[in-house]
Amino acid sequence: MTGSSLAPMLDAGNQEERVRTQVGIIGAGPAGLLLSHLLHLGGVDSVVIEERSEDYVRQRVRAGVLENTTTDLLREVGLGERMDREGLVHGGISLRFDGADHRVDFEELVGRNVTVYGQQEVVKDLIAARNRDGGQLLFDVSDTAVHDIDTDRPRITFRDSAGQPRELLCDVIAGCDGFHGVSRKSVPHEAYDHAYPFAWLGILAKAAPTREELAYTYHERGFALYSMRSPEITRLYLQVAPDENLDEWPDDRVWAELHTRMAVDGESPVLEGPLLDKGITAMRSFVAAPMRHGRLFLAGDAAHIVPPTGAKGMNLAVADVRLLSQALTELLRRNDSRLVESYSDTALQRVWRAEAFSWSMTSMLHIRPGADAFQRQVQLAQLRYTAGSRAALTSIAENYVGLPW
Ligand code: FAD
Ligand code: DHB
């Protein structure tokens with residue numbers, strides 16, 4: 001494999017600026033940024049291109065729960081310092097139903113924990129690390145397209161932030177461009193798709209959490225989730241209709257619904273405060289297989305989506321790029337393609353496990369529109385069995401904190 005040069009080459013013919021790198025990464029979400037960082041540690045060059053602005057990427061409010069496997073990895077690769085200072089370590093979660101909290105004690109059941117640390121904080125740490133190490137991150141690009149992925153000289157074309165046409169000549173392309181990106185659409189794949197008849201309305205509020213841990217609440221009016229970001233910020237979610245219009249959810253209605261669904265004996269754990277963010281997230285399960293075509297590799301949401309109930313999305317993105325960085329380093333530094341050949345199959349094993357866990361948590365905790373009394377009793381029976389069975393609690397705990405790589 002040839003080394004790479006980041007020096008721009010001007011193509012005299014069409015005035016298109018060409019840059020050569022080993023790995024062209026599309027997307028500066030957690031997957032793309034972490035892949036770039038891990039490749040750098042392995043001595044492999046990369047360039048990351050991102051269609052959004054840097055401000056937008058740094059502020060986008062999304063995931064909050066890091067598996068133990070994820071925090072271990074972030075520490076190992078020098079990204080644990082602020083996370084360990086500011087992240088909230090949680091030794092368990094609660095399932096809230098039948099008017100009571102039922103704790104899933106991770107520490108006691110599996111001897112591990114999770115860390116609540118916002119995805120945008122991970123992203124900020126990654127951007128800082130890439131900037132510190134001289135990484136190339138190009139924001140505000142447009143018209144991204146991939147070419148020649150069946151050859152060993154694939155290319156990415158795009159327009160830079162000034163609208164100028166650019167070309168990235170690569171050894172390999174990593175499609176880390178999320179569910180709506182261009183990478184997956186550029187390759188043949190089998191799509192496994194499942195839609196849910198509900199969505200989540202999420203708010204971020206400047207209000208001190210009154211609970212120390214997350215509560216996943218089953219209520220006849222619909223699921224609700226109590227989470228947090230810091231000792232001053234609460235993160236709360238409500239199950240709503242899939243086509244819900246945010247305008248129909250003024251703040252008063254959101255608070256009233258949260259109180260109703262989360263109250264136990266008339267006592268609500270929810271403390272109100274000014275809203276910092278409000279949005280609706282669709283729920284979907286999706287897997288694209290294989291996660292590789294020629295010299296294009298998919299990672300993270302570009303290849304798979306889970307409903308958020310199991311808190312698995314960002315953690316799966318991290319697991320993918322951990323594998324992919326090892327595989328690409330072996331290929332590009334030692335000309336050894338074995339890990340590259342097995343990347344898709346290995347990654348998909350963890351993906352399908354997370355799909356199964358996220359689907360089962362979602363099914364157990366949400367009210368399907370039109371669900372009859374029988375279906376609700378089955379859900380309650382499952383919840384009551386889970387809360388009373390060490391085997392069932394251990395299964396939730398080991399999946400939630402992250403199965404070993
Ligand atoms: P993304 O974060 O989507 O990044 C892809 C990037 O590619 C984006 O920046 C996008 O702008 C860019 N891009 C797209 N197209 C192009 C293009 N053509 N050219 C250049 N760039 C492009 N996961 C968890 O693990 N735990 C949780 O608690 C959790 N909670 C969640 C709550 C909510 C409300 C939501 C919405 C998601 C949650 N997730 C959670 C899922 C998690 O946020 C995603 O799985 C994660 O962002 C995936 O990272 P990614 O890098 O693969 O994709
Ligand atoms: C959060 C999001 C999730 O999807 C989840 O399962 C738990 C917590 C959060 O944003 O805090």
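Counting starts at 1 for both ligands and their atoms, following the listed order. Positions are given from 1, in the same order as the sequence printed here. Both backbone and side-chain heavy atoms feed into the values below; hydrogens, waters and symmetry mates do not.
Distance alone, capped at 3.5 Å, places no donor-acceptor pair between the Ser227 side chain and the Leu236 backbone. Looking only at distances, no side-chain donor or acceptor of Ser94 sits under 3.5 Å from a matching main-chain atom of Arg96. In this structure, Arg338 contributes its side chain and Leu331 its backbone to no donor-acceptor pair below 3.5 Å.
With a 4.0 Å heavy-atom cut-off, ligand 2 is reached by the side chain of Arg229 but not by its N, CA, C or O. Using a 4.0 Å cut-off between heavy atoms, Tyr226 makes no contact with ligand 2 at all. In Thr309, the part holding a heavy atom less than 4.0 Å from any atom of ligand 2 is the backbone.
Counting non-hydrogen atoms of other residues, nucleotides and ligands closer than 6.0 Å to CH2 of Trp359 gives a total of 12 or fewer.
The ligand atoms of ligand 2 that sit less than 4.0 angstrom from a heavy atom of Val65 are 7 (C), 8 (C). Of all atoms in ligand 2, numbered sequentially from 1 with element shown, those under 4.0 Å from a heavy atom of Trp200 are 3 (C), 4 (O). Interface atoms of ligand 2 facing Arg62, defined by a heavy-atom separation under 4.0 Å, are 10 (O). Atoms of ligand 2 found under 4.0 Å from any heavy atom of Ala311 (numbered from 1 in listed order, with element): 5 (C), 6 (O). Close contacts between ligand 2 and Leu225 involve ligand atoms 3 (C), 5 (C), 7 (C), 8 (C) [criterion: under 4.0 Å to a heavy atom].
For the pair Ser358 and Thr309, the tightest heavy-atom approach, listed with the atom from each and the gap, is O-CB, 4.5 Å. Nearest approach of Arg153 to Arg20, heavy atoms of both residues: CZ-NH2, 4.2 Å.
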- Show your reasoning for whether ring-ring contact (aromatic ring centres under 6.0 Å, His included) applies to Phe179 and Phe286. CA-CA 9 Å; Phe179 188 66; Phe286 178 91; 5.1 Å; yes
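Residue contact annotation: Met361 has no non-hydrogen atom under 4.0 Å from ligand 2.
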Give the table of side-chain donor-acceptor pairs shorter than 3.5 Å for residues 82-91, with sequence neighbours excluded, one pair per line with atom names and distance.
unit_1, atom_1, unit_2, atom_2, d
Arg82, NE, Tyr117, OH, 3.3
Arg82, NE, Asp125, OD1, 2.9
Arg82, NH1, Glu86, OE1, 3.0
Arg82, NH1, Glu121, OE1, 3.0
Arg82, NH2, Tyr117, OH, 3.4
Arg82, NH2, Glu121, O, 3.3
Arg82, NH2, Glu121, OE1, 2.9
Arg82, NH2, Asp125, OD1, 3.0
Asp84, OD1, Arg75, NE, 3.1
Asp84, OD1, Arg75, NH2, 3.0
Asp84, OD2, Arg75, NE, 2.9
Arg85, NE, Glu81, OE2, 3.4
Arg85, NH2, Glu81, OE1, 3.3
Arg85, NH2, Glu81, OE2, 3.2
His90, NE2, Glu212, O, 3.2

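Residue, atom and distance of the protein heavy atom nearest to atom 3 (C) of ligand 2 are Pro308 O, 3.6 Å. Summary of contacts: the protein heavy atom closest to atom 1 (C) of ligand 2 is Tyr237 CE1, 3.8 Å.
For atom 11 (O) of ligand 2, the choice among Ala63, Gly202, Ser227, Gly64 with the nearest heavy atom turns out to be Ser227.
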Could you check ligand 1 for N or O atoms lying under 3.5 Å from protein N or O atoms and list the pairs with distances?
unit_1, atom_1, unit_2, atom_2, d
ligand 1, 2 (O), Arg62, NH1, 2.8
ligand 1, 3 (O), Arg62, NH1, 3.0
ligand 1, 9 (O), Glu50, OE1, 2.6
ligand 1, 9 (O), Glu50, OE2, 3.2
ligand 1, 9 (O), Arg60, NH1, 3.4
ligand 1, 9 (O), Arg60, NH2, 2.8
ligand 1, 11 (O), Glu50, OE2, 2.6
ligand 1, 19 (N), Thr144, OG1, 2.9
ligand 1, 21 (N), Glu51, N, 3.2
ligand 1, 23 (N), Gly313, N, 3.2
ligand 1, 23 (N), Met314, N, 2.9
ligand 1, 25 (O), Ala311, O, 3.1
ligand 1, 25 (O), Gly313, N, 3.2
ligand 1, 25 (O), Met314, N, 2.7
ligand 1, 25 (O), Asn315, N, 3.2
ligand 1, 25 (O), Asn315, ND2, 3.1
ligand 1, 26 (N), Ala311, O, 3.2
ligand 1, 28 (O), Gly64, N, 3.2
ligand 1, 28 (O), Val65, N, 3.4
ligand 1, 43 (O), Gln119, OE1, 2.6
ligand 1, 45 (O), Asp301, OD1, 2.7
ligand 1, 45 (O), Asp301, OD2, 3.3
ligand 1, 45 (O), Gly313, O, 3.3
ligand 1, 45 (O), Met314, N, 3.3
ligand 1, 47 (O), Arg62, NH1, 2.9
ligand 1, 47 (O), Gln119, OE1, 3.4
ligand 1, 47 (O), Gln119, NE2, 2.7
ligand 1, 51 (O), Pro30, N, 3.2
ligand 1, 51 (O), Ala31, N, 2.9
ligand 1, 52 (O), Asp301, N, 2.8

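An N or O contact shorter than 3.5 Å links Tyr216 to ligand 2 by distance. Below 3.5 Å of separation, one finds no N or O of Leu214 facing any N or O of ligand 2.
Looking only at atom types and distance, the side chain of Tyr237 has a donor-acceptor partner in the side chain of Arg235 under 3.5 Å away. A side-chain donor-acceptor contact under 3.5 Å links His147 and Thr157.
Under the salt bridge (Lys or Arg N to Asp or Glu O under 4.0 Å) criterion, the residue pairs touching residues 173-193 are Asp193-Arg284, with sequence neighbours excluded.
Looking at residues two or more places apart in sequence or on another chain, you find a side chain to side chain contact (heavy atoms under 4.5 Å, CB included) between Ser344 and Pro290, Met291, Leu348.
Interatomic distance, Met283 CE to Tyr196 OH, rounded to the nearest 0.5 Å: 7.0 Å.
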